[in-house]
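The block underneath contains the structure these notes are about, expressed in structure tokens.
In listed order, ligands and their atoms are each counted from 1.
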Amino acid sequence: MKKEDLQKLLNDMSLEEKIMQLVQLPGQAFEDDAAITGIAEAEVSAKVKQLAGSTLGLHGADKLRKIQEEYVKNHPHHIPLLFMLDVIHGHDTVFPCPLGQGATFNPETSKKGAQIQAKEAAADGIHVTFSPMADLVRDARWGRVVESTGEDPYLNGVMTAAMVEGYQGDNIADHDHVAACVKHFAAYGGSEAGRDYNNVELSEYALKDQYLRAYKKTVDAGVKMAMTSFNTLNGIPSSGNKWLMRDVLRKEMGFDGVLISDWGAIGEMVPWGLAADLKEAAHLAIEAGVDIDMCTESYGFNLATLIEEGKIDEKLVDEAVLRVLNLKNELGLFEDPYHGASAEKYEKLTFSEESREVARAAVRESLVLLENKENALPLNSKKISLIGPYVDEKNLQSSWAITCNADTNVTLRQAFTEAFEGTDTELRFANGCTLLDEDADLGFFHSHLDNFEADNEKLLAEALEAADFADIVIMCLGESAFQTGESTSKAEIKLPEIQLELFKKIKATGKKIITLIFNGRPLDLGNLPEESDALMICFRPGTEGGHGIADVLTGKFSPQGKLPMSFPYCVGQEPLYYNNFNTGRPKPTDRYSAFTTRYLDCPNEARYPFGYGLTYSDFEISEVTLDKAEMKKAEGISSASATPSLYADGDKIVATATVTNKGKVEATQTVQLYIRDLVGSRVRPVKELKGFKKVTLAPGESTEVSFVITEDMLAFFTLRNVFETEAGKFKVFLGFDSATENAAEFELK
Ligand code: BGC
């Protein structure tokens, strides 16, 4: 449909029809067995069902075609219904969770994954996915860190922009693609004390300089939808924050797509205490520019009255409806309301060998090797025992793989049996203990607390027998899938006690131990690093988890993942992030020097910093050289929002270092570029990631790695409250993690 025709259609619609375009109903309203992610049960009248503009949680090509056919027929203007769903890291084929994708430091991998997810979801009837999540996360207590690509604004930006490109392709009308929705705007990751749905207090400086950068990259990548967040920002719930939505998101950041509330978030302004009732909440939200009300009665029951009473202008409704109609049109729904969905097509393409191969490669790239003493890995023993609750655990995804069948995930037992078939290596397997402690609380996911029937004494006896048999034991430990995702905040970030007990008992046998950890957040690893010969972080690897891990453990591939979030010594360090400020009393070199910024009982630094991860080889990097010592400052350039094209034609400096593989195997290393602005009108972080490159080198091989430093990379939200650069000195670091001190200096003049 032509854009002008959309306006005509709008003019033709009754006020009731228009308002209902802004109402999103939970899938239950249309079907009983929808994959609903919340609790609200909609008691909806036939009229509401006839007119509501969108729904979420449903999937299934035949089912959705039927609903759509009926809906379009009955709608007075035959406007199609929009189907939305959380396709976060897989529709059928499950890719590593977003945090695991962050560890790949490879946007291409995320793009390919998003393409496959879009294809599977679109064929199954979906038009919009509620992904990616571009929230900056710094606090491991928050369970939703699993949905983010980590603690760095630059990494988050490139990864989530790649996801948007993968989901949306060049044209969302294309039947292999869906519209993406960036969430949760804004700064949901800053929830106080890591407690979900909590308040967020941030200065405008921290918000704009750090938290908004990744969302902005997705806007620049053309994301079609944005979602408000549950949190308050400096005392105002996002769904009622007019400044945040209209001034910042739309005007400064240039977002012109559809803005949807998070589930029930408009209604939540009542318990927050910003609105007295749903009518006032609707008033605040429509003024703020929220287009779609996800699953509350606020818009449906109140917008007409607000217009009648002269409290809001009908124009506010019209502009929101036009954006919704525009999205439907861009998806091509007026021409094909099914967007090409068909059960036959879906059956043919979903969960294909090729998709699984992409997922398997992604797992290999996402694994982060934290310890490898005396080259304990790759495996070279003839008697290997895998012990722990993750040996047979099928649920290798996060709680946000809602349409994926965990039974199709490849377990460690399956993958290792396959990998060693026909060889003279003998394998034993034992679960050792239950996954969770008896008193574990899974909150909303309580129905998954189903493993306490097990006889832990018997499991332990089997484990000890398996350890006794082996030359080397692989301990397969981790959090439950249901301790990751929404509403899974934790005040302790350790593994379940029962697993730590099992580890202790196996350690006492004196066998070599490789520890694998399945997790959705950075953990306090206790003494596992000291007591393991090797330790690898596996995140929530998805469908091909077992295969990808076996590929790396057996040495077919060297690990290459890098931590996307700092791992602490203990929970008291949280929130913990590498790009912090130096303070006026920086970390002492003399441990006991008085009155400096330090803990008495714990180091300041991360136990394993952002960007850290070993390979099976040993890499060296030379000193950093710069092609010149000065960069010429462009004059008079500033922007209201971080944008990559700010200084497109400006001066450049090239930073170079030589990387050498000094080890015995081919491996891939990720060279990371960090910059520090030494003096600013506002205090600047000690280091900020500005680029990274992967190099694959054979043993003994060297290569030069160069980064072009542009003035854009130096811009920040200055005291003048704009993005611009300031003259002065900068340090350029090149290294293999965020703790590198390998640096050179230049001046911007
Ligand atoms: C979550 C969102 C999600 C929405 C729809 C909410 O509870 O916060 O991330 O997209 O539900 O399922």
Side-chain angles (χ1 to χ4, degrees), residues 23-31 34-42 52 54-59 82-91 97-99 117 121 126-137 142-149 160 163-164 167 178-191 194-198 200 214-215 218 223-232 237-239 257-269 271-272 290-296 398-404 443-445 482 484-489 520:
V23 171
Q24 176 157 93
L25 288 183
Q28 281 113 323
F30 297 92
E31 256 299 339
I36 282 297
T37 58
I39 340 107
E41 174 48 54
S54 61
T55 184
L56 84 163
L58 295 172
H59 66 107
L82 261 181
F83 293 108
M84 308 192 193
L85 184 72
D86 291 273
V87 183
I88 308 291
H89 61 116
H91 187 67
C97 62
L99 197 62
Q117 293 176 61
I126 307 308
H127 305 142
V128 180
T129 174
F130 296 129
S131 177
M133 176 168 123
D135 301 335
L136 182 73
V137 295
W142 195 47
R144 301 200 78 167
V145 304
V146 70
E147 300 170 57
S148 164
T149 52
T160 52
M163 291 179 198
V164 170
Y167 289 130
V178 295
C181 170
V182 63
K183 65 190 190 184
H184 308 83
F185 201 77
Y188 186 23
S191 286
R195 184 154 55 76
D196 210 356
Y197 315 117
N198 206 358
V200 174
Y215 305 114
T218 67
V223 71
K224 298 291 176 192
M225 188 181 275
M227 185 187 287
T228 69
S229 58
F230 285 131
N231 57 284
T232 45
S238 299
S239 304
V258 172
L259 180 59
I260 190 167
S261 79
D262 200 348
W263 181 292
I266 297 181
E268 286 173 20
M269 285 195 267
W272 268 119
V290 179
D291 300 321
I292 300 180
D293 174 359
M294 189 194 291
C295 304
T296 83
S398 82
S399 64
W400 272 118
I402 52 179
T403 52
C404 307
F444 176 74
F445 301 111
F482 300 103
T484 70
E486 189 174 344
S487 194
T488 59
S489 296

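- Looking at ligand 1, you won't find any N or O of Tyr188 less than 3.5 Å from one of its N or O atoms.
- Between the side chains of Ser131 and Tyr167, at least one donor N or O lies within less than 3.5 Å of an accepting N or O.
- Shown in contact with Phe230 at under 4.0 Å from a heavy atom are these atoms of ligand 1, numbered in order with element: 6 (C), 7 (O), 8 (O).
- In this model, no donor atom of one side chain and acceptor atom of the other lie less than 3.5 Å apart for Ser261 and Ser239.
- In this structure, a donor-acceptor pair under 3.5 Å is present between the side chains of His89 and Ser398.
- Within the listing of ligand 1, atoms 2 (C), 8 (O), 9 (O) sit less than 4.0 angstrom from a heavy atom of His184.
- Between Met227 and ligand 1 there is a heavy-atom distance shorter than 4.0 Å.
- Taking the ring axis of Trp263 as reference, the NZ or CZ atom of Lys183 does not stay both within 45° of it and closer than 6.0 Å to the ring centre.
- Listed by atom number, the atoms of ligand 1 under 4.0 Å from Asp86 heavy atoms are 3 (C), 5 (C), 10 (O), 12 (O).
- At least one N or O atom of Arg144, backbone or side chain, sits closer than 3.5 Å to an N or O atom of ligand 1.
- With a 4.0 Å heavy-atom cut-off, ligand 1 is reached by the side chain of Lys183 but not by its N, CA, C or O.
- Per-residue contacts place Leu56 under 4.0 angstrom from the following atoms of ligand 1 (heavy atoms of the residue considered): 5 (C), 12 (O).
- Among Tyr197, Trp142, Trp272, the one residue that satisfies the ring pair (Phe, Tyr, Trp, His ring centres under 6.0 Å) test with Phe230 is Tyr197.
- Asp135 and Tyr215 share a donor-acceptor pair across their side chains, judged by distance under 3.5 Å alone.
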